[in-house]
Amino acid sequence: MHVAILGAGALGTLFGAAAWRGGGAEVTLIGRGGRHLDAVDADGVTLVAMDGSRSVLRGAGLRTASGTNRVQEPIDYLVVAVKGGEFPAAIEAAAALPPIGCVLT
């Protein structure tokens, strides 16, 4: 199963990490590029629990893409996790994605 998160900010990255951590899903975090995606590629995603404990998620199956045109594999579930004002542009950019089974907003 391939899950793509369109809008790899704080919340989108959390959704993607949770889907990947749940087991079995390939996850692509789609963002604008820049420092955040570079940090995920280099260091993984650090989750901090309410008690302060930390877990770092990284490895095969958790990847990033700087733009929708960089995603090659068909998507089973696309989660659109952008701010309201960015939604129209995000949906327009999603037209460049490969086939999508289901879209969640």
Nearest-0.5 Å distance that lies between atom CZ in Arg58 and atom CG in Asp43
6.5 Å

Common cluster, Tyr77/Val71, ILVMFWY with side-chain heavy-atom separation under 4.5 Å:
no

Can Val56 and Val45 be said to form a side chain to side chain contact (heavy atoms under 4.5 Å, CB included), step by step?
CA-CA 6 Å; Val56 178; Val45 176; over 6 Å; no

Looking at every heavy atom in both Gly12 and Ala81, which two are closest together, and how far apart are they?
CA-CB, 3.9 Å

Common cluster, Val27/Leu11, ILVMFWY with side-chain heavy-atom separation under 4.5 Å
yes

Any side-chain heavy atom of Val3 within less than 4.5 Å of one from Phe15?
no

Work out which heavy atom in Ala4 is nearest to a heavy atom in Ile30; give both atom names and the distance.
CB-CD1, 4.0 Å

Looking at every heavy atom in both Leu37 and Ala65, which two are closest together, and how far apart are they?
CD1-O, 3.6 Å

I need the full list of side chain to side chain donor-acceptor pair (under 3.5 Å) pairs touching residues 11-31, with sequence neighbours left out, sorted by first then second residue.
His2-Thr28, Thr13-His36, Glu26-Arg63, Thr28-Arg63

Mind checking who shares a hydrophobic cluster with Met50, ILVMFWY linked at side-chain heavy-atom distances under 4.5 Å?
none

Looking at every heavy atom in both Ile5 and Gly16, which two are closest together, and how far apart are they?
CG1-CA, 3.7 Å

Report yes or no: do Leu78 and Leu14 belong to one cluster of Ile/Leu/Val/Met/Phe/Trp/Tyr joined by side chain heavy-atom distances under 4.5 Å?
no

Do you know which two heavy atoms are closest between Ala96 and Thr68, and how far apart they sit?
CB-OG1, 3.6 Å

Would you say Leu6 and Val79 make side-chain contact, with heavy atoms under 4.5 Å?
no

Minimum heavy-atom separation for Ala19 to Ala25, with atom names?
O-CB, 3.8 Å

Consider only side-chain heavy atoms of I, L, V, M, F, W and Y, link residues closer than 4.5 Å, and tell whether Ile100 and Leu29 are in one cluster.
no

